[in-house]
Amino acid sequence: MADTDDATGGTRFHPAVPARSYPFRLKGCGSLDWGMQSRLARIFRPATGRTVMLAIDHGYFQGPTTGLERVDLSIIPLLQHADALMTTRGMVRSTVPPAAGVPIVLRASGGPSVLKELSDEQLAVSMEDAARINASAVAVQVFIGGEFETQSVHNMTRLVDAGQRYGIPVLAVTAVGKELTRDARYLRLATRICAELGAHFVKTYFCTDGFDTVTAGCPVPLVLAGGKKLPELDALTMAYQAIEGGAAGVDMGRNIFQSDYPEAMIRAVGAVVHESMKPQEAYEEFVRPHTQQADGAS
Ligand code: R5P
């Protein structure tokens with residue numbers, strides 16, 4: 001017989017203590033399902049509400065990008081410093097160690113290569129496969145103002161519908177064609193459209209004037225896109241200004257893996273994002289390890 005004698009006889013009900021609940025305090029995610037909030041809490045550190053995502057998905061349209069020729073050699077050692085890894089299912093299954101424990105933000109759109117019209121993307125991963133991979137989120141490119149604008153928005157809304165069914169958040173990546181200006185007016189338009197149509201978080205570029213109006217006008221978290229490789233101090237300054245302007249983190253690729261010292265760089269970015277370290281101080285942290293190494297060698 002089951003031992004049930006004491007099953008309901010406890011005294012630790014604490015009737016005077018109101019029930020506690022612990023919602024994940026991330027902009028715009030309070031009404032999401034538990035699974036969504038749980039996955040977002042893997043990507044955005046609960047202690048800071050911010051994230052350092054390492055973006056290495058470039059190969060999906062431009063092949064073996066400089067710095068990503070051998071992901072096994074160049075990227076895997078960096079994973080311990082990343083809050084999430086943005087990559088493709090091919091790279092996940094071939095190269096990312098399952099035991100690394102890094103949350104995956106899975107590239108879920110694709111089609112055209114750099115040789116064609118980039119906005120002509122389709123969905124490239126089913127939500128079922130994203131769940132099989134244990135993705136913490138899926139990412140889709142949205143080309144506001146691009147030739148295939150509507151198609152890319154529909155890719156996103158279909159992905160959001162599927163994500164809602166599985167509890168998997170969708171990251172909308174606002175892609176800016178060469179002919180469009182990355183100013184606050186454009187970025188407000190693009191990010192707001194993505195959020196209104198259901199994206200759970202949005203990746204967008206920085207603009208020097210009015211970035212805070214971009215974050216303010218977007219009801220879900222914004223993560224900063226890194227863009228092309230800059231001198232490290234400039235990249236850290238951009239990250240700092242974006243965080244000060246209300247970004248909930250960065251999703252940075254080339255500015256980390258194309259640095260001569262990627263590990264020092266991702267650590268410096270982490271200090272800016274999670275500790276609000278000033279860019280100059282973070283830069284000094286960045287240069288210290290290799291200056292010391294060089295001093296030791298001489
Ligand atoms: C395309 O727009 C993708 O999202 C990129 O492949 C990538 O995430 C860009 O990262 P970054 O500009 O920081 O190198």
Quick check against the 3.5 Å criterion: does [X] have a side-chain atom that pairs as donor or acceptor with the backbone of [Y]?
X	Y	answer
Asp251	Met86	no
Ser109	Val140	no
Tyr186	Ile144	yes
Ser152	Ser119	no
Thr204	Thr174	no
Thr48	Arg50	yes
Ser74	Arg70	yes
Glu69	Gly67	yes
Ser38	Trp34	no
Arg192	Gly217	yes

(request) Could you tell me whether Arg93 atom CZ has more than 12 heavy atoms of other residues or ligands within 6.0 Å of it? (result) yes
(request) Tell me, yes or no, whether the heavy-atom count around Arg132 atom CZ, taken from other residues, nucleotides or ligands under 6.0 Å, exceeds 12. (result)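 Counting neighbours around CZ of Arg132, more than 12 heavy atoms of other residues, nucleotides or ligands fall under 6.0 Å, so yes.
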What are the two closest non-hydrogen atoms of [X] and [Y], and how far apart are they?
X	Y	result
Cys218	Val202	SG-CG2, 4.3 Å
Thr215	Gly245	OG1-O, 2.6 Å
Ala124	Arg89	O-NH2, 3.0 Å
Val160	Ala199	CG2-N, 4.0 Å

Spell out, yes or no, whether [X] and [Y] are grouped together once hydrophobic residues are joined by side-chain heavy atoms under 4.5 Å, including indirect joins.
X	Y	answer
Val250	Tyr240	yes
Val52	Val223	no
Tyr205	Val273	yes
Met156	Ile168	yes
Leu222	Leu32	no

(message) Using the ring centroid of each side chain, check whether Phe44 and Phe24 are separated by less than 6.0 Å.
(response)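 So the answer is no for these two rings.
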(message) I need the single residue from Pro221, Pro46, Pro169 that forms a side-chain contact (heavy atoms from CB on, under 4.5 Å) with Leu40. Which is it?
(response) Pro169
(request) For Thr237 and Leu230, run side-chain contact (heavy atoms from CB on, under 4.5 Å): C-alpha distance rounded to whole Å, both residues' side-chain angles, the deciding distance at 0.1 Å, then the answer. (result) CA-CA 10 Å; Thr237 302; Leu230 303 169; over 6 Å; no
(message) Salt bridge check, Arg288 against Glu284: does any charged N sit closer than 4.0 Å to a carboxylate O?
(response)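 Judged by the 4.0 Å cut-off on N to carboxylate O distance, Glu284 and Arg288 do not form a salt bridge.
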(request) Run the salt-bridge test on Lys229 and Glu232 with the 4.0 Å N-O cut-off and return the result as yes or no. (result) yes
(request) Test Gln258 against Thr65 for side-chain contact (heavy atoms from CB on, under 4.5 Å), laying out the working first. (result) CA-CA 10 Å; Gln258 289 182 350; Thr65 306; 4.1 Å; yes
(message) Does any part of the side chain of Asp120, heavy atoms only, come nearer than 4.5 Å to the side chain of Glu147, both counted from C-beta?
(response) no
(request) Evaluate side chain to side chain donor-acceptor pair (under 3.5 Å) for His290 paired with Glu263, printing each intermediate quantity in order. (result) CA-CA 11 Å; His290 40 276; Glu263 183 166 352; over 6 Å; no
